[in-house]
Novice: 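I'd like to ask some things about the structure below.
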Amino acid sequence: MTALISPSILNCDFTHLADEMDKISSADYAHIDIMDNHFVPNLALGAPIAEAAIKASLVPCDAHLMIEQPDRWAPVYAEMGFASVTFHAEAAMAPVKLARELRAMKVRASLALRPGTPIEPYIDLLGEFDQILVMTVEPGFGGQSFLDLTLPKITRTRKAIEDAGLDVWIQVDGGVSRETIERAAAAGANNFVAGSAVFKAEDAYAEITELRRLASAHM
Ligand code: DX5
Ligand code: ZN
């Protein structure tokens, strides 16, 4: 299995958005964080920037909605042109209904869990999703340290997916770098969001290649 690398543009240079999107053309997805200042204590990337990023991106875009009322807003992002839409379990009223709605729009449906949210209540629902995002930091900001305490949840999620014979991706997001990506891969993740690691690197292309190599060796 080859690891998927999804750079987060949260802390890229927005004065040169198209150039920043070009830098990650060897990635698998471009990860776009949407924050409403209610679900998380930060406000980021409204619809005009999200649309510009999709337009400038050479790879499919993945929306990470850190917002309240995703039941209402996630379909709007699907309509916008995202290939994958992630909404949070803690915010969704009807996650199965919403995932079905997204899939009907031919968009990958992804369920995110904050570090303190267990996977267990969602085990029987796994087949409704294309991906589970296990947050490896508290959502809201880039540049935080990877929380190792989330690793057992990744392992349990991978086991539950395998036991059910499903093809559900596990994405990790937060503090993913050359130092941490191997642990996340060994635990069972296959899709790796990396913000600072990619955009602070001298050479984003080389960083993406190295992250993919390190993770793939453990999958
Ligand atoms: C944080 C966002 C992340 C963030 C990751 O809540 O969801 O996608 O950009 O940034 P790094 O890789 O720097 O931790
Ligand atoms: Zn994110």
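As the structure lists them, so they are numbered: ligands from 1, and atoms in each ligand from 1. These figures come from a predicted structure and were not determined experimentally.
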Novice: Which residue supplies the protein heavy atom nearest to atom 12 (O) of ligand 1, what is that atom called, and how far is it?
Specialist: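 I find the closest protein heavy atom is G195 N, 2.7 Å.
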Novice: Could you state the interatomic distance from CG (D62) to CD (Q171), rounded to the nearest 0.5 Å?
Specialist: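 Between atom CG of D62 and atom CD of Q171 there are 5.0 Å.
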Novice: For M66, take its heavy atoms, then give the atoms of ligand 1 lying under 4.0 Å from any of them.
Specialist: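 Counting from 1, the qualifying ligand atoms are 6 (O), 7 (O).
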Novice: Apply side-chain contact (heavy atoms from CB on, under 4.5 Å) to residues T2 and D28 and explain how you reach the verdict.
Specialist: CA-CA 11 Å; T2 306; D28 296 282; over 6 Å; no
Novice: Number the atoms of ligand 1 from 1 as they appear, then name those within less than 4.0 Å of a heavy atom of G140, with their elements.
Specialist: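 In order of number, 1 (C), 6 (O).
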Novice: Side chains of P75 and L98: does their closest heavy-atom pair fall under 4.5 Å?
Specialist: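 The answer is yes, as the side chains (C-beta and beyond) meet within the 4.5 Å cut-off.
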Novice: Stepwise, does the salt bridge (Lys or Arg N to Asp or Glu O under 4.0 Å) test hold for K200 with E207?
Specialist: CA-CA 10 Å; K200 286 208 162 62; E207 194 63 27; over 6 Å; no
Novice: Could you walk me through whether M21 and K55 pass the side-chain contact (heavy atoms from CB on, under 4.5 Å) test, one step at a time?
Specialist: CA-CA 10 Å; M21 299 309 291; K55 219 168 161 186; over 6 Å; no
Novice: Give the numbers and elements of all ligand 1 atoms closer than 4.0 Å to a heavy atom of G174.
Specialist: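 Heavy-atom distances to G174 below 4.0 Å select 14 (O).
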Novice: Enumerate the atoms of ligand 1 whose separation from the nearest heavy atom of H31 is less than 4.0 angstrom.
Specialist: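 Near H31, meaning under 4.0 Å from one of its heavy atoms, ligand 1 has 8 (O).
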Novice: Is there a side-chain contact between H16 and K23 in this structure, where contact means two heavy atoms from C-beta onward sitting under 4.5 Å apart?
Specialist: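 Result no, sub-4.5 Å side-chain heavy-atom pair not found.
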Novice: Between T180 and S177 (side chain of the first, backbone of the second, donor and acceptor by atom type, cut-off under 3.5 Å), is there such a pair?
Specialist: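 Yes: the side chain of T180 pairs with the backbone of S177.
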Novice: Counting each atom of ligand 1 from 1 as listed, which ones have a heavy atom of A194 under 4.0 Å away?
Specialist: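 Those of ligand 1 that fall under 4.0 Å from A194 are 12 (O).
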Novice: Knowing that exactly one of H88, E90, K153 qualifies, which makes a side-chain hydrogen bond (donor to acceptor under 3.5 Å, both in side chains) with T117?
Specialist: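 Only one of H88, E90, K153 forms a side-chain hydrogen bond (donor to acceptor under 3.5 Å, both in side chains) with T117, namely E90.
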Novice: What is the nearest protein non-hydrogen atom to atom 13 (O) of ligand 1, stated with its residue, atom name and distance?
Specialist: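 I find the closest protein heavy atom is S196 OG, 2.2 Å.
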Novice: Please list, in chain and residue-number order, the protein N/O/S atoms closer than 2.8 Å to the Zn ion (ligand 2).
Specialist: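 Per the 2.8 Å query on the Zn ion (ligand 2), atoms found are H31 NE2, D33 OD1, H64 ND1, D173 OD2.
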Novice: Could you list which atoms of ligand 1 come closer than 4.0 Å to a heavy atom of D173?
Specialist: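 The list of qualifying atoms is 2 (C), 3 (C), 4 (C), 5 (C), 7 (O), 8 (O).
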Novice: My understanding is that only residues two or more places apart in sequence, or in another chain, count here; which of them pass ring pair (Phe, Tyr, Trp, His ring centres under 6.0 Å) with F141?
Specialist: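 In terms of ring pair (Phe, Tyr, Trp, His ring centres under 6.0 Å), with neighbours along the sequence ignored, F141 is linked to no residue.
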Novice: Any nitrogen or oxygen of P139 lying under 3.5 Å from a nitrogen or oxygen in ligand 1? Just yes or no.
Specialist: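 By distance alone, the answer is no.
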Novice: H64 heavy atoms, cut-off 4.0 Å: which ligand 1 atoms fall inside?
Specialist: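 Matching atoms, with element in brackets: 7 (O).
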Novice: Hey, which atoms in ligand 1 end up nearer than 4.0 Å to a heavy atom of L10?
Specialist: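 It comes down to these atoms of ligand 1: 9 (O).
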Novice: Minimum heavy-atom separation for I32 and C61, please, with both atom names.
Specialist: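 For I32 versus C61, the nearest heavy atoms are CG1-CB, 4.3 Å.
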Novice: Which bit of S8 gets closer than 4.0 Å to ligand 1, counting heavy atoms only: side chain, backbone, both or neither?
Specialist: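 The side chain, only.
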Novice: Provide, to 0.1 Å, the distance between atom 10 (O) of ligand 1 and the closest protein heavy atom, together with that atom's residue and name.
Specialist: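 The closest one turns out to be G142 CA, 3.5 Å.
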Novice: Considering only non-hydrogen protein atoms, determine which one is nearest to atom 1 (C) of ligand 1 and report residue, atom name and distance to 0.1 Å.
Specialist: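 For this ligand atom, the closest protein heavy atom is F141 O, 3.4 Å.
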Novice: Should F87 and L102 count as side-chain neighbours, where that means a heavy-atom distance under 4.5 Å?
Specialist: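 Heavy-atom side-chain distance check passes, below 4.5 Å.
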Novice: Identify, for atom 2 (C) of ligand 1, the protein heavy atom at the shortest distance, and state residue, atom and that distance.
Specialist: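 Nearest protein contact, heavy atoms only, for atom 2 (C) of ligand 1 is D33 OD1, 3.4 Å.
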Novice: Determine whether E210 and R213 satisfy the following criterion, salt bridge (Lys or Arg N to Asp or Glu O under 4.0 Å), listing intermediate values before the conclusion.
Specialist: CA-CA 5 Å; E210 180 60 5; R213 186 189 73 78; 2.9 Å; yes
Novice: Based purely on interatomic distance, does V193 place a nitrogen or oxygen under 3.5 Å from a nitrogen or oxygen of ligand 1?
Specialist: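 N/O-N/O distance under 3.5 Å: no.
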Novice: Please determine whether side-chain contact (heavy atoms from CB on, under 4.5 Å) holds for the pair F146 and L151, giving the CA-CA distance in whole Å, both sets of side-chain angles, and the decisive distance to 0.1 Å.
Specialist: CA-CA 10 Å; F146 184 90; L151 290 170; 4.0 Å; yes
Novice: So is G175 touching ligand 1 or not, going by heavy atoms under 4.0 Å?
Specialist: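 Yes, that is the case, since the closest heavy atom of the residue is under 4.0 Å from the ligand.
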Novice: Take S6 and N191, measure what side chain to side chain donor-acceptor pair (under 3.5 Å) needs, and give me the verdict at the end.
Specialist: CA-CA 7 Å; S6 306; N191 188 358; 2.7 Å; yes
